[in-house]
**Student:** 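Structure incoming, see below.
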Amino acid sequence: MSTSPETAVPAEETAGHGDISVGVKGSANSGEATASATRITPGNALRPEDIALAVSRGTAKPGEDVAEFALRLGDDALVLAQRLGHWISRAPELEEDIALGNIALDQLGHARSFLSYAGGFDGRSEDDLAYFRREPEFRSVEIFELPNGDFAVTIARQFVVSYYQFELYRRLAQSTDATLAGIAAKAVKEVDYHRDHSAQWVLRLAQGTDESREKMIHGFKVIWPYVDELFRDDELTGRLSGSGAAVEPSSLRADFDRLTGEVLAEAELEVPRVQPAPGGGRKGLHSEHLGYLLAEMQVLAREYPGASW
Amino acid sequence: MASQTLQSVPGEPTAAQHELSLEELARREADGQAYFDKVMADDSRIEPRDWMPPAYRKTLLRQISQHAHSEIIGMQPEANWISRAPSLKRKAILMAKVQDEAGHGLYLYSAAETLGQPRDAMMQDLMDGKAKYSSIFNYPARTWADMGAIGWMVDGAAIANQVPLCRASFGPYGRAMVRVCKEESFHQRQGFEILLELSHGTPEQKQMAQEAVNRWYAPALMMFGPPDDDSPNSKQSMAWNIKRFSNDELRNRFVGMMMEQVRVLELTLPDKDIRFNEETKKWEHGPLDWAEFHEVLAGRGPCNAQRLERRREAHDDGTWVREAAAQYAAKQAKKQAEKEVAA
Amino acid sequence: MTTPEPHAGNVWPIWEVFVRSSRGLSHVHAGSLHAPDAAMALRNARDLYTRRNEGVSIWVVPADAIASSDPDAKGAFFESPQGKDYRHATYYTKSEGVKHL
C-alpha cells in the first residue's frame, strides 16, 4: 500500500553515516536508523495464539482439574480486563489512559492464554468460553467483579489483585503442568509491573492531599472484604497442589500480607477492619455485578451465534 | 535522527533580549526572517527555538493542537465498543488501537507545547468548546462494523493526510508524525480485516459492513478539508512547507485507493459518480454535502455535546488525582531537600 | 533524583524522554510527557514510548533542566569546525598498497 510507514520516513531519518560501525552485534546497518527510538518489533514471548495452536495440535491438553483451574484464572483476568478497559478515555490524565490500557491488555492476554488452555479439555475455544457460557458457569471471584468505582477504588483493587497474582504466578511458573508454567512465567513479569504501578499510586493517593487520602482509605474499605476469598483452598486446589500442578491459595497469604503490608506501612495506611465476604464465584455463585458485565460483553457475539469476526 | 533537537524546550526570550534597543530588535527580526526564508527555500526544518514569523507559529499551533484534540476525542467512538467486541482477539486489537490514539494525542500535544502553549491550556480550550477537532468524530459508532469502517476509511484518510506531514517544515511536528504513521499502519489494516470478515460472513454481517461503509464514506472524504477553491489557508501552509499537497489532491488520491480496495472487500462505495478522469489521470468523486460538514464543525453534529461532556467529565473526575500526585511530589522534594541540608 | 519545581494545583511538569533502543547504543531523544515526579515520569515513558519494544533503557529529564545553545548564535557557535578538513580521514591521500590505514 502506498501509505506504508516505510514511505513515511523522511530521507534524513533513514540516511545513516555510511560505513561508520557502532560495533554492536546485530546492528550491521548501524547508524541512525538503528539508534532510532522509534524502531518497533513485536518481540518474542508466549502468545495466546501459541497456546491455542498447541491445544489444537494436541501437544497441550489439560486434564479436568487443570482445565477447571485454568478457567478460574482465565475468568479472573478476563473480568478484570473488561473492568480496566472502561478506563481507556476516562482516566485522570492522558498518560494514565495508556498505563491502565497496558495493564488491561496484559490481563486480557493472560485470560486468553488460560481460557485457550482450559478449552482444550472439551474442545472449546477462548471465545466459546468467554461469550457462550452463562453466568453460573463462570469461575471468577468477587474482587474482580466489583465495579471500578473512582480511581482510588480501582487502584485499591489493582494493588490487591496484582500482589495476589504475582505470588500465584511466581509459584505456578514451577508447575508440573508445562503449559500452566509457561503461561505463568510470561504473566508473572507483567503483573510484577502491575504491582509497581498500583503501589506508586497507593503512596501518592495516601500521601497526596487530604481528599485523596480519604478516598484511598475508602477505596481499601470497599475492596478489602473480598480479599479473603482469593486465598481460600478447596478440593480442587488440594488435589492440584498434591500433584504439583498448582499451589494452595492459602499458601500465598503470608507473602501477600508481608509485601502489601510494607507498602501500606510506607503509605501510613492500616489494613481496613472489615468482615470478609463469603464469595462463592469458584462455585458459580457470583456477585450481583457480574451479570451486567457479561450481558454487555456477550451481547454482540450472542446476537450472531456462529458468526466469525 | 541521532541529533534531534529537544522537542519541548520552548524558546523563551532571554534576559538580554529584553534590554535590546528597537534597532537591534528590528535587525534581529530581519536576520530571523532571512534565515527562516532560507530554511523554507532549502526545504530544511525549523526547530522550536528558531525565529519564526508569528503567523507561522500561530498556524502550526492551531493545526497541531487540533490534530491532538482529534486523536483524543477520536478515542471515544471506538472506546464505545471495547466492552462489546465480539471476540477476545478483536477486543485486544481495539484496546491497543484506542490506547494508541491517546499516545498519538500525547505526541502531538508535546509537539505543540514546543511552540510555547502548555498542554492544560490547549485542553481547556477543547473543553470550553473554543478549539476545533476533526468533525468526523462527532458521528456515532452505531454497530461493530463501524470499527471496520473507521479503521479502513477514517484512519486511511488520516494516514493519507499524515504521511506528507512527516516532512512538515516544523521539526517536532514532523517527528511526531513519523512515530504516529509507524504506529497507525496497523490501525487501517485491522479495520480492513474487520470489514473483510464481515463481508464474507453471514448476509446480516455483510449488510452491517455495507451500511457502515455507506455511513462513513462522505465524512471520511471531508476529512481532507474543504475544496481547494474554498480553502484560503492552504496556500500559505503549502508555502511554509507544512502542507505538501492540496486538499483535493489528497482526497482524489484517497478515492482511488478506496476504489481499488473496496473490490477486494466485495462491498461498494455509496457514490455513483466516482470515475477515473483519463485526461487529468485523476480520480473524481461525486458532490459532497459541505453544508453538513460546516454544521457539524460548528457544533451541531450528532455527538458534539456528548464527546465534549465525556472529556470534561474525565478531566474533572481526575482533578483530585492530579492534585494528589503533584502534592506528593512537592512533599517528597521538600523532604529530600531537608535531608540534603541535614547531611 | 532531581524533581522540577512542583507546579501549582493539578498540572504536572514536562519531562524529556530518552530511549536506548538496544544494548550498546546511546539513548536517543524520543519525545516528552507530563508526570508529577521522576518515578512516575519513568513509568509513563515506559508505557508511552516503549509499547512496541522500542527500548531497553529509559532516561527522563525535567524539560527545564536542559540547557540549550542559543539558536540566534548558530553562526558563531558552530562556525569554527567549518573548513577544518584536516580533522577528517578523507583529507589524506591514500597510498597505494598500504593496508590497515
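Naming convention: chains lettered A, B, ... in sequence-line order (proteins, then strands); numbering from 1 in each chain.
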**Student:** For A:Ala130, is it the side chain, the backbone, both, or neither that has a heavy atom closer than 4.5 Å to a heavy atom of chain B?
**Tutor:** side chain

**Student:** In terms of side-chain geometry, is the basic nitrogen of A:Glu95 or B:Arg119 positioned less than 4.0 Å from the acidic oxygen of its partner?
**Tutor:** yes

**Student:** Can you tell me which portion of B:Leu88 sits under 4.5 Å from chain A's heavy atoms? Options are side chain, backbone, both or neither.
**Tutor:**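 B:Leu88 touches chain A through backbone and side-chain heavy atoms alike.
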
**Student:** May I ask you to name which of B:Ser87, B:Gly201, B:Ala325, B:Ala314 has the most heavy-atom pairs under 4.5 Å with chain A?
**Tutor:** B:Ser87

**Student:** Looking at A:Leu115, A:Ile98, A:Leu78, which one has more heavy-atom pairs under 4.5 Å with chain B than the rest?
**Tutor:**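 Among A:Leu115, A:Ile98, A:Leu78, the one with the most close pairs to chain B is A:Ile98.
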
**Student:** So for atom CD, which belongs to A:Glu214, do other residues, nucleotides or ligands contribute more than 12 heavy atoms lying within a distance under 6.0 Å?
**Tutor:** no

**Student:** Considering residues, nucleotides and ligands other than A:His218, do more than 12 of their heavy atoms fall under 6.0 Å from its NE2?
**Tutor:** no

**Student:** Could you walk me through whether A:Glu96 and B:Arg322 pass the salt bridge (Lys or Arg N to Asp or Glu O under 4.0 Å) check?
**Tutor:** CA-CA 10 Å; A:Glu96 197 57 27; B:Arg322 296 191 302 277; over 6 Å; no

**Student:** Please name the pair of heavy atoms, one in A:Ala81 and one in B:Met95, separated by the smallest distance, quoted to 0.1 Å.
**Tutor:** O-CE, 3.7 Å

**Student:** Of all of A:Asn102, A:Asp210, A:Leu94, A:Val299, which one pairs up most often with chain B through heavy atoms under 4.5 Å apart?
**Tutor:** A:Leu94

**Student:** Most heavy-atom pairs under 4.5 angstrom with chain A, which of B:Met75, B:His315, B:Lys89, B:Glu101?
**Tutor:** B:Lys89

**Student:** Could you tell me which of A:Leu203, A:Asp150, A:Ile155 has the largest number of non-hydrogen atom pairs under 4.5 Å with chain B?
**Tutor:**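 Sorted descending by pairs with chain B, the first entry is A:Leu203.
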
**Student:** Please classify the contact of B:Met147 with chain A as side chain, backbone, both or neither, using a heavy-atom distance under 4.5 Å.
**Tutor:**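 Contact with chain A: none, neither part.
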
**Student:** At a heavy-atom distance under 4.5 Å, which candidate from B:Arg90, B:Gln205, B:Gln327 has the highest pair count against chain A?
**Tutor:**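 Looking at each of B:Arg90, B:Gln205, B:Gln327 in turn, B:Gln205 comes out on top.
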
**Student:** If you measure from OH on B:Tyr328 to CD on A:Gln200, what distance do you get to the nearest 0.5 Å?
**Tutor:** 7.0 Å

**Student:** Is it the backbone or the side chain of B:Ala102 that comes under 4.5 Å from a heavy atom of chain A, or both, or neither?
**Tutor:**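 Looking at B:Ala102, backbone and side chain both touch chain A.
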
**Student:** Counting only heavy atoms closer than 4.5 Å, note whether A:Ala91 contacts chain B via side chain, backbone, both or neither.
**Tutor:** backbone

**Student:** Can you tell me how far apart CZ (A:Arg83) and OG (B:Ser83) are? Round to the nearest 0.5 Å.
**Tutor:**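 Atom-to-atom, A:Arg83:CZ and B:Ser83:OG are 10.5 Å apart.
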
**Student:** Counting heavy-atom pairs under 4.5 Å with chain B, which one of A:Glu93, A:Arg302, A:His86 comes out on top?
**Tutor:**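 Highest number of heavy-atom pairs under 4.5 Å: A:Glu93.
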
**Student:** Between B:Gln99 and A:Gly101, what is the shortest heavy-atom contact and its length?
**Tutor:** NE2-C, 3.5 Å

**Student:** Heavy atoms only: give me the nearest B:Ala324-A:Leu205 pair and the separation to one decimal.
**Tutor:** CB-CD2, 4.0 Å

**Student:** Which bit of A:Tyr131 comes within less than 4.5 Å of chain B, counting heavy atoms only: side chain, backbone, both or neither?
**Tutor:** side chain

**Student:** Contact part of A:Trp87 toward chain B, heavy-atom cut-off under 4.5 Å: side chain, backbone, both or neither?
**Tutor:**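 Neither part; nothing is under 4.5 Å.
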
**Student:** Would you call A:Phe151 and B:Asp317 a side-chain contact if the rule is heavy atoms closer than 4.5 Å?
**Tutor:**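 Counting from C-beta outward, A:Phe151 and B:Asp317 never come under 4.5 Å.
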
**Student:** Quick check on B:Ile72 against chain A: is it the side chain, the backbone, both or neither that has a heavy atom closer than 4.5 Å?
**Tutor:** side chain

**Student:** Using 0.5 Å steps for rounding, measure from the CD1 atom of B:Ile93 to the CG atom of A:Leu108.
**Tutor:** 10.5 Å

**Student:** Which bit of A:Ile88 comes within less than 4.5 Å of chain B, counting heavy atoms only: side chain, backbone, both or neither?
**Tutor:**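 Both backbone and side chain.
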
**Student:** Under 3.5 Å, side chain of A:Glu296 to main-chain N/O of B:Arg84, donor-acceptor pair present?
**Tutor:** no

**Student:** Quick check on B:Glu260: does its CD atom have over 12 non-hydrogen neighbours (other residues, nucleotides or ligands) under 6.0 Å away?
**Tutor:** no

**Student:** Would you indicate whether A:Tyr292, at its atom OH, is surrounded by more than 12 heavy atoms from other residues, nucleotides or ligands within a distance under 6.0 Å?
**Tutor:** no

**Student:** Show the numbers, then the answer: is there a side chain to side chain contact (heavy atoms under 4.5 Å, CB included) between A:Glu303 and B:Trp144?
**Tutor:** CA-CA 12 Å; A:Glu303 215 179 320; B:Trp144 172 253; over 6 Å; no

**Student:** Give the member of B:Arg311, B:Gln76, B:Gln332, B:Glu313 that has the highest number of heavy-atom pairs under 4.5 Å with chain A.
**Tutor:** B:Arg311

**Student:** CD of B:Glu323 to CZ of A:Arg204: how many Å apart, nearest 0.5 Å?
**Tutor:** 16.0 Å

**Student:** Quick one: which of B:Leu106, B:Ile73, B:Thr319 has the most heavy-atom pairs under 4.5 Å with chain A, could you say?
**Tutor:** B:Leu106

